[in-house]
Number of protein chains: 2
Amino acid sequence: MPKIAQNRILENQRRIETAALELFTKQGFHGTNIREIAEHAEVSVGAIYTYYPTKEALYVTLVRNYKAHMEQLRDQMFSSLEDIFSKSDLKKFTSEIRGYVYNHAEFWLLMYIDAIEFKNQHFAEWFHNMPEQFRSRLGPVLSKAKRQPGWCGQDPAFAFATIYLHVITYFLIEKLLQGNRHLGVSDEQAMDKFIQLLSGGLWSSHETRSLKSRSNGKAPVARRKMPRVLSMTS
Amino acid sequence: MPKIAQNRILENQRRIETAALELFTKQGFHGTNIREIAEHAEVSVGAIYTYYPTKEALYVTLVRNYKAHMEQLRDQMFSSLEDIFSKSDLKKFTSEIRGYVYNHAEFWLLMYIDAIEFKNQHFAEWFHNMPEQFRSRLGPVLSKAKRQPGWCGQDPAFAFATIYLHVITYFLIEKLLQGNRHLGVSDEQAMDKFIQLLSGGLWSSHETRSLKSRSNGKAPVARRKMPRVLSMTS
DNA sequence: GTTCAAAAAACGAGCGTTCGCCTTTTATTA
DNA sequence: TAATAAAAGGCGAACGCTCGTTTTTTGAAC
């Protein structure tokens, strides 16, 4: 029984999915037709239906494949983190996220496409419970940070999720939404300023303002004998 | 010469644009057809072409109208800010951004649609030079913050832009991308923790780590005699 | 009767999918 | 070993439907 070379089949599928990705992220799912995909992939329309029962099946397959790839990249990115909240590691981390966004802009556009044209069906859990995702991957590193003198007392997983989402957003705006240096500085400067801002906080030396209850119920105010700043009366 | 009531025309246009917005943000621009819009608006297909020369003209008109509305809302939101970086004002501000996102989810979906199906043509400047936008609207308030004792020394416009974008991102993920309490806590708790984190910083009492140059050139390192954490050697 | 808005029908092009045919590859048989 | 048959991949046209837009018809107002 004759059988076409297996890698010929895989090569055709790769070319079809690459062409589909490029066109879907340029025009949307419904804005792209099968004839264009076939032309870009240099196969016939009929050949596409050899591998994928429907146009939507092609979309679903490429989304699933890309998600798996991105999850792997994310885990690799995390595995190199050690002194997670030090400025040097934060700087390195933001640089890695930059690549994670800039080199895979099409992936993030797929997420937008899915939100609009597929009710976010295929990315529904992508952002779920991020602190817990980070604890399971970075548990020891996060615990280590928490034990260090000077740590702010916040949940390190929450802090890390905050940094991660903020940095991704920054690069998404720059890459996909024509941010065009939307914070008025270069990427590197924006990350440096963000790291400084987050490391030191808005207010220095415990001169925090309008302090009320703490979210974690533990209020280590007894350790601080700084005189309170007068409330605003103007 | 007979003439339809002017407000009847406006009412028809309002109904057409409302139906178009609802369907575009549910299915995408190309995933929505004129017949569906007509049905939802309870007008005929022909009537739509009375008011809009093309389907795309309808889209452009509704985007332009919604942007104007959102810019007005944003200015209103900013006008109530006084002690901008105090915890109480930050809390109030995040609550207002929550409404700005949750009550106008369709607007943000329009932004995604535009990025995918129209190469971000109609939102190209939405995020441009945000710190400068904030300085022009909140100059006095930002300057006031900068002069207060304990201020971190950062550019207040940059800090405010950072807060603004982070909070919008949080609510966009919750509302459009099924975040489903993606930071593991409620909206209010997430905002409280974020405000605390940003106010106090990751590290307290100037026990900052891996400190090198400061972006503003002023490095008060002389006050800190803490021994350095050993560098990684693994 | 005239004018205008709106409805409904029609038009021509484009769409996703299927079908018939061709080519290539391998197995079978003489 | 060569010829033939069978199977599978692939191509391109065709099908039936949908699409955006235009045209024709209808209804209302004056």
Side-chain angles (χ1 to χ4, degrees), chain A residues 1-63 113-114 116-118 121-122, chain B residues 1-63 113-114 116-118 121-122:
Chain A
M1 181 176 292
K3 193 167 169 46
I4 193 171
Q6 192 70 10
N7 65 347
R8 172 109 175 269
I9 292 175
L10 291 176
E11 170 59 17
N12 282 350
Q13 283 179 305
R14 189 197 63 76
R15 291 214 317 279
I16 292 168
E17 289 181 26
T18 298
L21 174 66
E22 180 186 339
L23 292 168
F24 286 154
T25 57
K26 198 160 79 178
Q27 305 165 178
F29 176 82
H30 290 107
T32 298
N33 65 60
I34 289 286
R35 286 164 182 76
E36 289 175 290
I37 296 173
E39 188 177 349
H40 269 74
E42 295 184 323
V43 299
S44 66
V45 167
I48 293 181
Y49 288 92
T50 302
Y51 304 108
Y52 309 94
T54 65
K55 182 185 173 189
E56 182 169 336
L58 167 55
Y59 167 83
V60 169
T61 298
L62 85 80
V63 161
I113 288 168
D114 212 80
I116 293 162
E117 302 190 76
F118 293 95
Q121 272 183 50
H122 307 98
Chain B
M1 181 177 290
K3 191 169 168 44
I4 192 171
Q6 190 70 11
N7 65 344
R8 173 103 175 275
I9 293 176
L10 290 177
E11 171 59 17
N12 282 350
Q13 282 178 306
R14 190 196 63 77
R15 290 215 315 280
I16 292 168
E17 289 181 26
T18 299
L21 174 66
E22 180 185 340
L23 292 167
F24 286 154
T25 56
K26 198 160 80 182
Q27 306 165 175
F29 175 81
H30 289 107
T32 297
N33 67 60
I34 290 286
R35 286 162 181 76
E36 289 175 290
I37 296 173
E39 190 176 349
H40 269 74
E42 296 184 321
V43 300
S44 65
V45 167
I48 293 180
Y49 286 95
T50 302
Y51 305 108
Y52 308 94
T54 65
K55 181 186 175 190
E56 182 170 334
L58 167 56
Y59 168 83
V60 169
T61 298
L62 85 78
V63 161
I113 288 169
D114 212 81
I116 294 161
E117 303 190 74
F118 293 96
Q121 271 184 51
H122 307 99

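Below, chains carry the letters A, B, ... as their sequence lines are ordered, and counting in each starts from 1.
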S.K.: For B:S44 and for A:E36, locate the closest nucleotide of DNA chain C by heavy-atom distance; then report the residue assigned to the nucleotide nearer the 5' terminus.
M.R.: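 Nearest nucleotide further toward 5': that of B:S44.
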
S.K.: Please determine whether a side-chain nitrogen of the Lys or Arg among B:R15 and B:E11 lies less than 4.0 Å from a carboxylate oxygen of the Asp or Glu.
M.R.: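 B:E11 and B:R15: salt-bridged.
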
S.K.: Of the non-hydrogen atoms in B:I116 and A:I116, which two are nearest, and what is the gap between them?
M.R.: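 Nearest heavy atoms, B:I116 then A:I116: CD1-CD1, 3.8 Å.
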
S.K.: Rounding to an integer number of Å, can you tell me how far A:I34 CD1 sits from D:dC17 C1'?
M.R.: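 Result: 16 Å.
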
S.K.: Using whole Å, what does the distance between atom P of nucleotide D:dG9 and atom CD of A:E11 come to?
M.R.: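 Rounded to whole Å, this separation is 17 Å.
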
S.K.: Among A:L10, A:N12, A:V43, which one satisfies side-chain contact (heavy atoms from CB on, under 4.5 Å) with A:Y51?
M.R.: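 Among the candidates, only A:N12 passes.
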
S.K.: Would you indicate which nucleotide in C:dA6, C:dA10, D:dC11 comes nearest to any side-chain atom of B:R8?
M.R.: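 Among C:dA6, C:dA10, D:dC11, the one nearest the side chain of B:R8 is C:dA6.
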
S.K.: Ignoring backbone atoms, establish whether B:Y51 has a side-chain N or O less than 4.0 Å from OP1 or OP2 of C:dA5.
M.R.: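 Checking B:Y51 against C:dA5: no side-chain N or O falls below 4.0 Å of OP1 or OP2.
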
S.K.: With a cut-off of less than 4.0 Å, is there a side-chain N or O of B:N33 near OP1 or OP2 of D:dT18?
M.R.: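 Negative; the distance criterion is not met.
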
S.K.: Examine D:dG9: is either OP1 or OP2 under 4.0 Å from a nitrogen or oxygen in the side chain of A:N12? Give yes or no.
M.R.: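 Looking at the OP1 and OP2 atoms of D:dG9, neither is under 4.0 Å from any side-chain N or O of A:N12.
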
S.K.: May I ask you to say what B:V45 touches in the nucleic acid, namely base, sugar-phosphate or nothing, with a heavy-atom cut-off under 4.0 Å?
M.R.: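 Counting heavy atoms under 4.0 Å across all strands, the contact made by B:V45 includes a base.
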
S.K.: Could you check how far NZ of B:K55 sits from C1' of D:dC19, rounded to whole Å?
M.R.: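 Roughly 8 Å, once rounded to whole Å.
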
S.K.: What pair of heavy atoms forms the shortest contact from A:L58 to A:A20, and how long is it?
M.R.: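 In terms of heavy atoms, the two residues are closest at CD2-CB, 3.9 Å.
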
S.K.: Has B:E22 got a side-chain atom pairing as donor or acceptor with B:A19's backbone, closer than 3.5 angstrom?
M.R.: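 Looks like no, no N/O pair under 3.5 Å.
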
S.K.: Between A:Y52 (OH) and C:dG16 (P), how many Å, whole number?
M.R.: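 Those two atoms, OH and P, are 16 Å apart.
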
S.K.: Take the protein atom CD1 of A:I9 and the nucleotide atom P of D:dA8, then report the distance between them rounded to whole Å.
M.R.: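 So the two atoms are 12 Å apart, to the nearest Å.
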
S.K.: Consider the side chain of B:T50, meaning its heavy atoms from C-beta on, and name the nucleotide among C:dA6, C:dT17, C:dA10 that approaches it most closely.
M.R.: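 Closest nucleotide among those given: C:dA6.
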
S.K.: Please state how far atom CD1 in B:I48 lies from atom C1' in C:dA8, giving the value in whole angstrom units.
M.R.: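 Spelled out: CD1 on B:I48 to C1' on C:dA8 is 14 Å.
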
S.K.: I need the CD1-C1' distance between A:I16 and D:dC11, as an integer number of Å.
M.R.: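 These atoms are roughly 13 Å apart.
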
S.K.: Rounded to whole Å, how long is the line connecting atom OH of A:Y49 with atom P of D:dG12?
M.R.: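 Interatomic distance, OH of A:Y49 to P of D:dG12: 16 Å.
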
S.K.: Between A:A47 and B:H30, who's closer to the 5' end of DNA chain D by nearest nucleotide?
M.R.: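 The residue closer to the strand's 5' end, by nearest nucleotide, is A:A47.
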
S.K.: Considering only C:dA10, C:dA6, C:dG16, which nucleotide approaches the side chain of B:R35 most closely?
M.R.: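 The nucleotide sitting nearest to the side chain is C:dA10.
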
